[in-house]
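What's counted below: heavy atoms across the whole structure, side chains too, no hydrogens, waters or symmetry copies. Each chain gets a letter, A, B and so on, in the order its sequence line appears, and its residues count up from 1.
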Amino acid sequence: MIEPTLNSLYQQLILEHYRKPRNRAELPEHTVEVRMYNPVCGDEIRLQLRVDGDRIAEAKFIGQGCSISQAAVSMMTVKLQGATLAEADALVSQFINLMHGDEAAARDRTLGDLRALQGVSKFPVRIKCALLGFDALQEALKQSRLEAGAQ
Amino acid sequence: MPAVIEGFDLPSLRAQFPALDQEVNGRPLVYLDNAATAQKPREVLDAIAQFYERDNANVHRGIHELSRRATENFEDARARIASFMNASEPAEIVWTRGTTEAINLVAGTWALDNVGEDDEILLSTMEHHSNIVPWQLVAERTGAKVRYIEMDDQGRLALDTLSDVLGERTKIVSLGHISNALGTVNPIAEITRRVHDVGALIMIDGAQAGPHRPVDVQELGCDFYAISGHKMCGPTGIGVLWARRELLEEMSPYQGGGEMIRIVERDGSTWAEVPHKFEAGTPNIAGAVGMAAAADFLEGVGFDLIAEHERTVVGYAMEQLSQVPGLRIYGPDSLDERSGVISFTLGDAHPHDISTILDSEGVAVRAGHHCAQLVMRHFDVAATARASFYLYNTTDEVDRLVEALDTVRGIFAV
(Lines give C-alpha, C1' and ligand atoms only; values in the text may rest on other atoms or scores of the structure.)
Protein backbone atom coordinates (compact mmCIF):
# COMPACT_ATOMS: atom_id res chain seq x y z
CA MET A 1 0.00 0.00 0.00
CA ILE A 2 1.29 3.45 -0.86
CA GLU A 3 1.14 6.03 1.92
CA PRO A 4 -1.24 8.94 1.26
CA THR A 5 1.52 11.53 1.80
CA LEU A 6 3.78 9.57 -0.52
CA ASN A 7 1.02 9.68 -3.13
CA SER A 8 0.83 13.43 -2.80
CA LEU A 9 4.62 13.63 -3.27
CA TYR A 10 4.91 11.40 -6.30
CA GLN A 11 2.08 12.71 -8.46
CA GLN A 12 1.85 11.23 -11.95
CA LEU A 13 2.53 14.65 -13.41
CA ILE A 14 5.89 14.77 -11.59
CA LEU A 15 6.90 11.35 -12.85
CA GLU A 16 5.79 12.32 -16.32
CA HIS A 17 8.00 15.46 -16.32
CA TYR A 18 10.86 13.37 -14.83
CA ARG A 19 10.65 10.86 -17.68
CA LYS A 20 9.86 13.35 -20.43
CA PRO A 21 11.37 16.63 -19.36
CA ARG A 22 10.20 19.70 -21.31
CA ASN A 23 12.79 22.08 -22.74
CA ARG A 24 15.67 19.81 -21.90
CA ALA A 25 18.16 20.80 -24.57
CA GLU A 26 21.04 23.12 -25.27
CA LEU A 27 20.09 26.69 -26.12
CA PRO A 28 23.11 27.87 -28.15
CA GLU A 29 21.78 31.42 -28.46
CA HIS A 30 21.34 31.86 -24.69
CA THR A 31 22.18 35.22 -23.15
CA VAL A 32 22.68 33.87 -19.67
CA GLU A 33 23.64 30.48 -18.30
CA VAL A 34 23.73 29.35 -14.66
CA ARG A 35 24.94 26.04 -13.25
CA MET A 36 23.54 24.89 -9.94
CA TYR A 37 24.90 21.87 -8.17
CA ASN A 38 23.76 20.31 -4.95
CA PRO A 39 26.94 18.82 -3.49
CA VAL A 40 24.95 16.85 -0.93
CA CYS A 41 23.15 14.71 -3.49
CA GLY A 42 24.96 15.45 -6.75
CA ASP A 43 21.88 16.88 -8.50
CA GLU A 44 22.86 19.24 -11.23
CA ILE A 45 21.08 21.81 -13.38
CA ARG A 46 22.40 24.05 -16.11
CA LEU A 47 19.75 26.64 -16.93
CA GLN A 48 20.01 28.68 -20.11
CA LEU A 49 17.84 31.71 -20.87
CA ARG A 50 17.60 33.90 -23.92
CA VAL A 51 16.55 37.23 -22.51
CA ASP A 52 15.27 39.85 -24.93
CA GLY A 53 14.63 43.23 -23.27
CA ASP A 54 12.51 42.54 -20.25
CA ARG A 55 11.29 39.17 -21.50
CA ILE A 56 12.58 35.63 -21.36
CA ALA A 57 12.25 34.68 -24.99
CA GLU A 58 13.36 31.10 -24.37
CA ALA A 59 14.38 28.90 -21.43
CA LYS A 60 16.10 25.51 -21.63
CA PHE A 61 18.02 23.31 -19.26
CA ILE A 62 20.37 20.35 -19.03
CA GLY A 63 20.34 18.41 -15.82
CA GLN A 64 20.43 15.18 -13.95
CA GLY A 65 19.11 14.24 -10.57
CA CYS A 66 16.07 13.05 -8.67
CA SER A 67 12.52 13.16 -9.94
CA ILE A 68 11.70 16.20 -7.80
CA SER A 69 14.59 18.39 -8.96
CA GLN A 70 14.23 17.44 -12.62
CA ALA A 71 10.42 17.68 -12.76
CA ALA A 72 10.50 21.04 -10.99
CA VAL A 73 12.95 22.58 -13.45
CA SER A 74 11.06 21.11 -16.40
CA MET A 75 7.76 22.60 -15.15
CA MET A 76 9.50 25.87 -14.41
CA THR A 77 10.85 26.25 -17.95
CA VAL A 78 7.33 25.74 -19.32
CA LYS A 79 6.18 28.76 -17.31
CA LEU A 80 9.17 30.84 -18.35
CA GLN A 81 8.70 30.85 -22.13
CA GLY A 82 7.82 34.45 -22.99
CA ALA A 83 7.46 35.54 -19.37
CA THR A 84 8.63 39.01 -18.31
CA LEU A 85 11.45 39.23 -15.79
CA ALA A 86 8.93 40.54 -13.25
CA GLU A 87 6.68 37.52 -13.90
CA ALA A 88 9.68 35.25 -13.40
CA ASP A 89 10.42 36.97 -10.07
CA ALA A 90 6.82 36.42 -9.04
CA LEU A 91 7.00 32.77 -10.08
CA VAL A 92 10.06 32.25 -7.89
CA SER A 93 8.47 33.80 -4.82
CA GLN A 94 5.15 32.03 -5.30
CA PHE A 95 6.93 28.68 -5.71
CA ILE A 96 8.92 29.31 -2.52
CA ASN A 97 5.59 30.02 -0.81
CA LEU A 98 4.29 26.71 -2.13
CA MET A 99 7.30 24.91 -0.66
CA HIS A 100 6.56 26.54 2.69
CA GLY A 101 3.09 25.01 2.66
CA ASP A 102 1.28 28.23 1.78
CA GLU A 103 -2.35 27.38 0.91
CA ALA A 104 -2.95 30.40 -1.30
CA ALA A 105 0.04 29.35 -3.40
CA ALA A 106 -1.38 25.83 -3.65
CA ARG A 107 -4.57 27.31 -5.18
CA ASP A 108 -2.70 29.66 -7.51
CA ARG A 109 -3.36 28.51 -11.08
CA THR A 110 -0.57 30.69 -12.45
CA LEU A 111 1.88 28.10 -11.09
CA GLY A 112 0.60 25.65 -13.69
CA ASP A 113 2.02 22.12 -13.41
CA LEU A 114 4.26 23.32 -10.58
CA ARG A 115 1.27 22.98 -8.25
CA ALA A 116 1.77 19.21 -8.46
CA LEU A 117 4.87 19.74 -6.33
CA GLN A 118 2.93 21.02 -3.30
CA GLY A 119 3.36 17.62 -1.61
CA VAL A 120 7.11 18.31 -1.36
CA SER A 121 6.38 20.80 1.43
CA LYS A 122 5.58 17.78 3.65
CA PHE A 123 9.11 16.40 3.05
CA PRO A 124 11.46 19.10 4.37
CA VAL A 125 14.66 17.30 3.29
CA ARG A 126 13.41 17.29 -0.31
CA ILE A 127 12.50 20.99 -0.58
CA LYS A 128 16.04 21.86 -1.66
CA CYS A 129 15.63 19.40 -4.55
CA ALA A 130 12.55 21.26 -5.80
CA LEU A 131 14.26 24.62 -5.39
CA LEU A 132 17.45 23.79 -7.29
CA GLY A 133 16.10 25.05 -10.63
CA PHE A 134 14.57 28.12 -9.00
CA ASP A 135 17.92 28.94 -7.37
CA ALA A 136 19.39 28.81 -10.86
CA LEU A 137 16.60 31.04 -12.17
CA GLN A 138 17.12 33.64 -9.43
CA GLU A 139 20.81 33.77 -10.21
CA ALA A 140 20.10 34.00 -13.97
CA LEU A 141 17.67 36.88 -13.43
CA LYS A 142 20.22 38.69 -11.30
CA GLN A 143 22.94 38.26 -13.92
CA SER A 144 20.64 39.39 -16.73
CA ARG A 145 19.77 42.58 -14.89
CA LEU A 146 23.41 43.27 -14.04
CA GLU A 147 24.34 42.87 -17.69
CA ALA A 148 21.45 45.02 -18.85
CA GLY A 149 22.44 47.66 -16.31
CA ALA A 150 26.03 47.63 -17.55
CA GLN A 151 25.01 48.23 -21.14
CA MET B 1 15.06 -18.51 7.13
CA PRO B 2 18.80 -18.77 7.91
CA ALA B 3 20.01 -21.03 10.69
CA VAL B 4 20.39 -19.70 14.20
CA ILE B 5 23.99 -18.91 15.14
CA GLU B 6 24.93 -20.52 18.40
CA GLY B 7 25.96 -18.05 21.08
CA PHE B 8 24.53 -15.10 19.18
CA ASP B 9 21.31 -13.93 20.83
CA LEU B 10 19.99 -11.36 18.40
CA PRO B 11 16.88 -10.19 20.33
CA SER B 12 18.83 -9.49 23.50
CA LEU B 13 21.62 -7.87 21.48
CA ARG B 14 19.12 -5.54 19.82
CA ALA B 15 17.56 -4.73 23.18
CA GLN B 16 20.87 -3.14 24.18
CA PHE B 17 20.46 -0.44 21.51
CA PRO B 18 17.84 2.09 22.65
CA ALA B 19 17.71 3.89 19.29
CA LEU B 20 16.67 0.72 17.46
CA ASP B 21 13.49 0.54 19.52
CA GLN B 22 11.37 3.21 17.87
CA GLU B 23 8.85 3.76 15.13
CA VAL B 24 9.54 5.94 12.11
CA ASN B 25 6.57 7.00 10.01
CA GLY B 26 4.38 4.53 11.85
CA ARG B 27 6.61 1.49 11.27
CA PRO B 28 9.34 -0.06 13.43
CA LEU B 29 12.65 1.50 12.41
CA VAL B 30 14.85 -0.56 10.08
CA TYR B 31 18.24 1.11 10.38
CA LEU B 32 20.39 0.30 7.34
CA ASP B 33 22.71 3.30 7.33
CA ASN B 34 25.44 1.74 9.43
CA ALA B 35 28.27 2.59 7.07
CA ALA B 36 27.49 6.24 7.84
CA THR B 37 27.26 5.74 11.57
CA ALA B 38 26.28 2.90 13.88
CA GLN B 39 23.79 3.04 16.73
CA LYS B 40 25.12 2.96 20.29
CA PRO B 41 24.59 0.24 22.89
CA ARG B 42 23.56 1.08 26.46
CA GLU B 43 27.06 0.06 27.66
CA VAL B 44 28.64 2.87 25.63
CA LEU B 45 26.00 5.44 26.58
CA ASP B 46 26.45 4.55 30.25
CA ALA B 47 30.24 4.80 30.08
CA ILE B 48 29.98 8.32 28.66
CA ALA B 49 27.33 9.40 31.18
CA GLN B 50 29.30 7.91 34.03
CA PHE B 51 32.43 9.77 33.03
CA TYR B 52 30.60 13.10 33.02
CA GLU B 53 28.60 12.33 36.15
CA ARG B 54 31.49 11.14 38.29
CA ASP B 55 34.99 11.58 36.88
CA ASN B 56 34.84 14.69 34.71
CA ALA B 57 37.97 16.86 34.90
CA ASN B 58 40.71 17.88 32.50
CA VAL B 59 43.49 15.38 31.88
CA HIS B 60 47.23 15.38 32.56
CA ARG B 61 47.32 18.74 34.27
CA GLY B 62 45.68 18.43 37.64
CA ILE B 63 46.81 17.06 40.94
CA HIS B 64 43.32 16.64 42.34
CA GLU B 65 41.39 13.39 42.52
CA LEU B 66 38.98 13.98 39.64
CA SER B 67 41.81 14.97 37.33
CA ARG B 68 43.65 11.83 38.33
CA ARG B 69 40.58 9.73 37.53
CA ALA B 70 39.93 11.49 34.22
CA THR B 71 43.57 10.95 33.19
CA GLU B 72 43.38 7.32 34.20
CA ASN B 73 40.15 6.79 32.24
CA PHE B 74 41.63 8.53 29.21
CA GLU B 75 44.90 6.58 29.24
CA ASP B 76 43.13 3.30 30.01
CA ALA B 77 40.99 3.96 26.95
CA ARG B 78 44.15 4.42 24.88
CA ALA B 79 45.50 1.11 26.15
CA ARG B 80 42.14 -0.51 25.39
CA ILE B 81 42.24 0.67 21.77
CA ALA B 82 45.90 -0.37 21.51
CA SER B 83 44.86 -3.91 22.36
CA PHE B 84 41.80 -3.63 20.07
CA MET B 85 44.14 -2.92 17.14
CA ASN B 86 46.96 -5.12 18.45
CA ALA B 87 49.39 -2.19 18.59
CA SER B 88 52.75 -2.89 20.28
CA GLU B 89 52.11 -0.25 22.92
CA PRO B 90 49.52 2.39 23.90
CA ALA B 91 51.92 5.19 22.85
CA GLU B 92 51.29 4.19 19.24
CA ILE B 93 47.66 5.28 19.56
CA VAL B 94 47.00 8.95 18.73
CA TRP B 95 43.50 10.26 19.46
CA THR B 96 41.90 12.20 16.63
CA ARG B 97 38.40 13.44 15.79
CA GLY B 98 37.96 10.47 13.49
CA THR B 99 39.44 8.77 10.46
CA THR B 100 39.37 11.98 8.44
CA GLU B 101 41.52 13.82 10.93
CA ALA B 102 43.88 10.85 11.22
CA ILE B 103 44.48 10.92 7.45
CA ASN B 104 44.91 14.70 7.51
CA LEU B 105 47.40 14.30 10.34
CA VAL B 106 49.60 11.95 8.32
CA ALA B 107 49.20 14.06 5.17
CA GLY B 108 49.92 17.29 7.04
CA THR B 109 52.98 16.05 8.94
CA TRP B 110 54.71 12.99 7.53
CA ALA B 111 53.78 13.65 3.91
CA LEU B 112 54.62 17.37 3.91
CA ASP B 113 57.99 16.55 5.47
CA ASN B 114 58.82 13.63 3.20
CA VAL B 115 57.10 14.05 -0.16
CA GLY B 116 58.83 16.11 -2.83
CA GLU B 117 57.96 17.29 -6.30
CA ASP B 118 59.34 14.23 -8.07
CA ASP B 119 57.43 11.89 -5.79
CA GLU B 120 54.12 10.16 -6.22
CA ILE B 121 51.24 9.51 -3.85
CA LEU B 122 49.23 6.42 -4.75
CA LEU B 123 45.51 6.14 -3.95
CA SER B 124 42.69 4.22 -5.59
CA THR B 125 39.53 5.32 -7.37
CA MET B 126 37.60 3.43 -4.67
CA GLU B 127 38.52 5.90 -1.95
CA HIS B 128 36.26 8.04 0.20
CA HIS B 129 36.89 11.75 -0.39
CA SER B 130 38.58 11.90 3.01
CA ASN B 131 41.30 9.67 1.61
CA ILE B 132 41.69 11.70 -1.59
CA VAL B 133 41.44 15.38 -0.75
CA PRO B 134 44.11 15.51 2.02
CA TRP B 135 46.58 13.99 -0.46
CA GLN B 136 45.57 16.39 -3.21
CA LEU B 137 46.35 19.19 -0.76
CA VAL B 138 49.79 17.65 -0.18
CA ALA B 139 50.30 17.39 -3.94
CA GLU B 140 49.37 21.05 -4.39
CA ARG B 141 51.88 22.15 -1.80
CA THR B 142 54.74 19.84 -2.75
CA GLY B 143 54.31 19.42 -6.49
CA ALA B 144 54.01 15.65 -6.05
CA LYS B 145 51.75 13.66 -8.33
CA VAL B 146 48.65 11.76 -7.18
CA ARG B 147 48.10 8.47 -8.99
CA TYR B 148 45.32 5.94 -8.71
CA ILE B 149 44.91 2.18 -8.67
CA GLU B 150 41.93 1.49 -10.92
CA MET B 151 38.95 -0.77 -10.19
CA ASP B 152 37.62 -3.67 -12.22
CA ASP B 153 33.96 -4.06 -13.25
CA GLN B 154 33.10 -5.61 -9.89
CA GLY B 155 34.56 -2.71 -7.97
CA ARG B 156 37.69 -4.54 -6.87
CA LEU B 157 41.17 -3.05 -7.04
CA ALA B 158 42.77 -3.98 -10.36
CA LEU B 159 45.92 -5.35 -8.74
CA ASP B 160 47.13 -6.83 -12.03
CA THR B 161 47.94 -3.25 -13.02
CA LEU B 162 49.42 -2.27 -9.64
CA SER B 163 52.99 -2.32 -10.97
CA ASP B 164 51.98 0.30 -13.56
CA VAL B 165 51.33 2.84 -10.82
CA LEU B 166 53.50 1.61 -7.94
CA GLY B 167 57.22 2.16 -8.31
CA GLU B 168 60.36 3.93 -7.21
CA ARG B 169 58.69 7.32 -7.25
CA THR B 170 55.89 6.18 -4.96
CA LYS B 171 56.44 7.71 -1.54
CA ILE B 172 53.20 6.79 0.19
CA VAL B 173 50.15 4.69 -0.64
CA SER B 174 46.84 5.30 1.10
CA LEU B 175 43.96 2.87 0.70
CA GLY B 176 40.69 2.01 2.33
CA HIS B 177 40.55 -1.39 3.98
CA ILE B 178 36.86 -1.74 3.07
CA SER B 179 35.04 0.51 0.59
CA ASN B 180 32.23 2.57 2.09
CA ALA B 181 30.53 2.86 -1.30
CA LEU B 182 30.78 -0.75 -2.50
CA GLY B 183 31.70 -2.87 0.51
CA THR B 184 34.75 -4.28 -1.28
CA VAL B 185 37.31 -5.77 1.11
CA ASN B 186 40.84 -5.07 -0.09
CA PRO B 187 43.76 -7.51 0.38
CA ILE B 188 45.76 -5.12 2.56
CA ALA B 189 48.49 -7.49 3.75
CA GLU B 190 49.33 -8.47 0.17
CA ILE B 191 49.33 -4.88 -1.07
CA THR B 192 51.42 -3.79 1.92
CA ARG B 193 54.15 -6.28 1.01
CA ARG B 194 54.30 -4.94 -2.52
CA VAL B 195 54.34 -1.33 -1.30
CA HIS B 196 57.20 -2.07 1.09
CA ASP B 197 59.09 -3.82 -1.72
CA VAL B 198 59.40 -0.48 -3.53
CA GLY B 199 60.36 1.30 -0.32
CA ALA B 200 57.13 3.28 0.14
CA LEU B 201 54.91 3.57 3.20
CA ILE B 202 51.26 2.60 3.35
CA MET B 203 48.38 4.15 5.26
CA ILE B 204 45.08 2.31 5.69
CA ASP B 205 41.71 4.03 6.13
CA GLY B 206 40.00 1.51 8.38
CA ALA B 207 36.76 3.42 8.95
CA GLN B 208 34.67 0.58 7.50
CA ALA B 209 36.85 -2.27 8.78
CA GLY B 210 37.19 -1.47 12.48
CA PRO B 211 33.46 -2.01 13.13
CA HIS B 212 33.30 -5.39 11.41
CA ARG B 213 36.50 -7.35 11.89
CA PRO B 214 39.47 -7.57 14.21
CA VAL B 215 42.13 -5.13 13.05
CA ASP B 216 45.62 -6.46 13.71
CA VAL B 217 48.04 -3.76 12.64
CA GLN B 218 51.08 -5.95 13.27
CA GLU B 219 49.77 -8.76 11.15
CA LEU B 220 48.76 -6.36 8.36
CA GLY B 221 52.25 -4.89 8.45
CA CYS B 222 51.10 -1.42 7.36
CA ASP B 223 52.61 1.85 8.58
CA PHE B 224 49.54 3.94 9.49
CA TYR B 225 46.01 2.76 10.26
CA ALA B 226 43.00 4.92 11.11
CA ILE B 227 39.63 4.07 12.65
CA SER B 228 36.59 6.05 13.80
CA GLY B 229 34.68 5.54 17.04
CA HIS B 230 31.20 6.29 15.80
CA LYS B 231 31.09 3.63 13.13
CA MET B 232 31.91 0.92 15.69
CA CYS B 233 29.14 1.71 18.18
CA GLY B 234 31.14 4.46 19.89
CA PRO B 235 30.47 8.19 20.02
CA THR B 236 31.08 10.72 17.24
CA GLY B 237 34.08 13.06 17.32
CA ILE B 238 36.64 10.45 18.35
CA GLY B 239 38.95 8.25 16.33
CA VAL B 240 42.43 6.91 16.29
CA LEU B 241 45.58 7.06 14.25
CA TRP B 242 47.88 4.13 14.82
CA ALA B 243 51.46 4.32 13.62
CA ARG B 244 54.65 2.53 14.53
CA ARG B 245 56.49 4.37 17.31
CA GLU B 246 59.58 5.15 15.25
CA LEU B 247 57.42 6.87 12.63
CA LEU B 248 55.58 8.90 15.23
CA GLU B 249 58.89 9.88 16.83
CA GLU B 250 60.30 11.33 13.61
CA MET B 251 57.09 13.10 12.56
CA SER B 252 56.54 16.83 13.07
CA PRO B 253 53.78 17.91 15.43
CA TYR B 254 50.31 18.32 13.93
CA GLN B 255 48.65 21.21 15.76
CA GLY B 256 50.26 23.46 18.35
CA GLY B 257 48.80 24.11 21.77
CA GLY B 258 48.68 22.86 25.29
CA GLU B 259 49.27 19.20 26.05
CA MET B 260 51.66 18.71 23.11
CA ILE B 261 54.64 20.67 24.44
CA ARG B 262 57.52 19.96 26.78
CA ILE B 263 58.98 23.44 27.28
CA VAL B 264 57.75 26.67 25.72
CA GLU B 265 60.25 29.52 25.41
CA ARG B 266 60.10 32.90 23.74
CA ASP B 267 61.88 31.71 20.62
CA GLY B 268 60.57 28.18 20.31
CA SER B 269 59.35 25.10 22.04
CA THR B 270 60.09 21.44 22.43
CA TRP B 271 57.54 18.69 22.04
CA ALA B 272 56.00 16.25 24.41
CA GLU B 273 56.61 12.52 24.00
CA VAL B 274 54.53 10.54 21.53
CA PRO B 275 51.59 10.31 21.33
CA HIS B 276 50.96 13.55 23.25
CA LYS B 277 52.97 15.52 20.70
CA PHE B 278 50.01 15.09 18.33
CA GLU B 279 47.27 15.91 20.81
CA ALA B 280 47.12 19.66 21.24
CA GLY B 281 44.40 21.06 23.46
CA THR B 282 41.89 19.36 25.71
CA PRO B 283 41.09 16.05 24.04
CA ASN B 284 37.68 14.40 23.65
CA ILE B 285 38.03 12.53 26.94
CA ALA B 286 34.48 11.24 27.13
CA GLY B 287 34.75 10.23 23.46
CA ALA B 288 37.84 8.14 24.22
CA VAL B 289 36.06 6.53 27.17
CA GLY B 290 33.06 5.79 24.94
CA MET B 291 35.19 4.36 22.15
CA ALA B 292 36.95 2.05 24.61
CA ALA B 293 33.54 0.92 25.88
CA ALA B 294 32.56 0.22 22.27
CA ALA B 295 35.68 -1.92 21.85
CA ASP B 296 34.69 -3.82 25.01
CA PHE B 297 31.19 -4.26 23.68
CA LEU B 298 32.22 -5.56 20.24
CA GLU B 299 34.84 -7.93 21.60
CA GLY B 300 32.35 -9.03 24.23
CA VAL B 301 29.95 -10.08 21.48
CA GLY B 302 32.89 -11.52 19.57
CA PHE B 303 34.06 -10.62 16.07
CA ASP B 304 33.74 -14.24 14.92
CA LEU B 305 30.04 -14.25 15.74
CA ILE B 306 29.57 -10.75 14.35
CA ALA B 307 31.19 -11.80 11.06
CA GLU B 308 29.14 -14.98 10.84
CA HIS B 309 25.90 -13.13 11.52
CA GLU B 310 26.66 -10.31 9.10
CA ARG B 311 27.54 -12.80 6.39
CA THR B 312 24.19 -14.50 6.90
CA VAL B 313 22.24 -11.24 6.73
CA VAL B 314 24.22 -9.74 3.84
CA GLY B 315 24.09 -13.05 1.94
CA TYR B 316 20.32 -13.15 2.40
CA ALA B 317 20.04 -9.50 1.33
CA MET B 318 22.12 -10.09 -1.82
CA GLU B 319 19.94 -13.06 -2.67
CA GLN B 320 16.65 -11.23 -2.07
CA LEU B 321 17.73 -7.98 -3.72
CA SER B 322 19.04 -9.72 -6.82
CA GLN B 323 15.49 -11.04 -7.36
CA VAL B 324 13.97 -7.56 -7.39
CA PRO B 325 13.23 -6.71 -11.05
CA GLY B 326 15.23 -3.74 -12.30
CA LEU B 327 17.58 -3.72 -9.33
CA ARG B 328 21.31 -3.58 -9.98
CA ILE B 329 23.88 -4.25 -7.26
CA TYR B 330 27.35 -2.68 -7.50
CA GLY B 331 30.52 -4.21 -6.11
CA PRO B 332 31.89 -7.74 -5.82
CA ASP B 333 29.58 -10.74 -6.40
CA SER B 334 31.37 -12.92 -3.87
CA LEU B 335 30.56 -12.61 -0.16
CA ASP B 336 34.23 -13.36 0.52
CA GLU B 337 35.16 -10.07 -1.08
CA ARG B 338 32.53 -7.80 0.42
CA SER B 339 31.52 -6.46 3.79
CA GLY B 340 28.19 -5.12 5.06
CA VAL B 341 27.52 -2.59 2.31
CA ILE B 342 25.12 -3.12 -0.61
CA SER B 343 25.03 -0.28 -3.12
CA PHE B 344 22.25 -0.47 -5.70
CA THR B 345 20.07 1.31 -8.22
CA LEU B 346 16.50 0.44 -9.16
CA GLY B 347 15.35 1.13 -12.72
CA ASP B 348 15.26 4.85 -13.42
CA ALA B 349 14.13 5.71 -9.89
CA HIS B 350 16.69 8.16 -8.57
CA PRO B 351 18.36 7.00 -5.32
CA HIS B 352 17.00 10.06 -3.52
CA ASP B 353 13.50 9.11 -4.46
CA ILE B 354 14.21 5.54 -3.38
CA SER B 355 15.44 6.81 -0.02
CA THR B 356 12.41 9.05 0.53
CA ILE B 357 10.01 6.21 -0.27
CA LEU B 358 11.87 3.72 1.95
CA ASP B 359 11.92 6.28 4.76
CA SER B 360 8.15 6.64 4.52
CA GLU B 361 8.06 2.95 5.47
CA GLY B 362 10.57 3.35 8.30
CA VAL B 363 13.56 1.96 6.36
CA ALA B 364 16.68 4.14 6.64
CA VAL B 365 19.17 3.87 3.77
CA ARG B 366 21.57 6.39 2.33
CA ALA B 367 21.39 7.80 -1.18
CA GLY B 368 23.92 9.83 -3.08
CA HIS B 369 27.56 9.59 -4.05
CA HIS B 370 28.63 8.40 -0.58
CA CYS B 371 31.60 10.79 -0.66
CA ALA B 372 33.06 8.58 -3.37
CA GLN B 373 32.51 10.43 -6.63
CA LEU B 374 35.31 8.51 -8.36
CA VAL B 375 33.41 5.29 -7.65
CA MET B 376 30.22 6.76 -9.11
CA ARG B 377 32.16 7.85 -12.21
CA HIS B 378 33.67 4.37 -12.56
CA PHE B 379 30.20 2.84 -12.76
CA ASP B 380 28.84 5.80 -14.72
CA VAL B 381 26.06 6.56 -12.24
CA ALA B 382 25.35 9.87 -10.51
CA ALA B 383 24.33 8.21 -7.28
CA THR B 384 23.37 4.91 -5.72
CA ALA B 385 21.17 3.84 -2.84
CA ARG B 386 23.13 2.09 -0.12
CA ALA B 387 21.87 -0.36 2.47
CA SER B 388 24.57 -1.05 5.03
CA PHE B 389 24.25 -3.74 7.67
CA TYR B 390 25.66 -4.27 11.11
CA LEU B 391 25.61 -6.81 13.91
CA TYR B 392 22.08 -5.96 15.04
CA ASN B 393 20.35 -6.17 11.66
CA THR B 394 18.05 -9.11 10.94
CA THR B 395 16.85 -11.05 7.92
CA ASP B 396 13.34 -9.78 8.75
CA GLU B 397 14.69 -6.29 8.19
CA VAL B 398 15.95 -7.40 4.77
CA ASP B 399 12.36 -8.46 4.03
CA ARG B 400 11.14 -5.02 5.11
CA LEU B 401 13.67 -3.44 2.74
CA VAL B 402 12.51 -5.58 -0.17
CA GLU B 403 8.86 -4.88 0.65
CA ALA B 404 9.54 -1.12 0.69
CA LEU B 405 11.35 -1.45 -2.63
CA ASP B 406 8.11 -2.87 -4.02
CA THR B 407 6.52 0.48 -3.20
CA VAL B 408 9.28 2.21 -5.15
CA ARG B 409 8.61 -0.14 -8.07
CA GLY B 410 4.92 0.66 -7.84
CA ILE B 411 5.44 4.42 -7.97
CA PHE B 412 8.15 4.39 -10.62
CA ALA B 413 6.62 1.49 -12.55
CA VAL B 414 9.94 -0.41 -12.57
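- How far CD1 of A/Ile14 is from CD1 of B/Ile411: 10.5 Å, rounded to the nearest 0.5 Å.
- With sequence neighbours left out, the ring pair (Phe, Tyr, Trp, His ring centres under 6.0 Å) criterion links B/His230 to no other residue.
- Scanning for salt bridge (Lys or Arg N to Asp or Glu O under 4.0 Å) contacts around B/Arg377 gives an empty result, with sequence neighbours left out.
- Side-chain atoms of A/Tyr18 come within 3.5 Å of backbone N or O of B/Asp348 as a donor-acceptor pair.
- Environment of CZ in B/Arg141: sparse, with no more than 12 heavy atoms of neighbouring residues, nucleotides or ligands closer than 6.0 Å.
- Residues of residues 63-102 of chain A that come closer than 4.5 Å to chain B, counting heavy atoms only, are A/Gln64, A/Gly65, A/Cys66, A/Ser67, A/Ile68, ordered by residue number.
- The backbone N or O of B/His352 sits less than 3.5 Å from a side-chain atom of A/Arg126, completing a donor-acceptor pair.
- Atoms OG1 and CZ, from B/Thr356 and A/Phe123 in turn, are 7.0 Å apart once rounded to the nearest 0.5 Å.
- More than 12 non-hydrogen atoms from other residues, nucleotides or ligands lie less than 6.0 angstrom from CZ of B/Arg400.
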Determine all donor-acceptor pairs shorter than 3.5 Å in which one atom belongs to a side chain in residues 131-139 of chain A; sequence neighbours excluded.
from: A/Glu139; atom 1: OE2; to: A/Gln143; atom 2: NE2; distance (Å): 3.1

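- Across every non-hydrogen atom of A/Leu6 and B/Ile357, the tightest pair is CD2-CG2, 3.8 Å.
- Other residues, nucleotides and ligands contribute over 12 non-hydrogen atoms within 6.0 Å of the CD atom of B/Gln22.
- Around CG of A/Asp52, the count of heavy atoms belonging to other residues, nucleotides or ligands within 6.0 Å does not exceed 12.
- Contact annotation for B/Glu403: neither backbone nor side-chain heavy atoms come within less than 4.5 Å of a heavy atom of chain A.
- Applying the 6.0 Å contact sphere to CZ of B/Arg97 captures no more than 12 heavy atoms from other residues, nucleotides or ligands.
- Heavy atoms closer than 4.5 Å to chain A are found nowhere in B/Ala367, neither backbone nor side chain.
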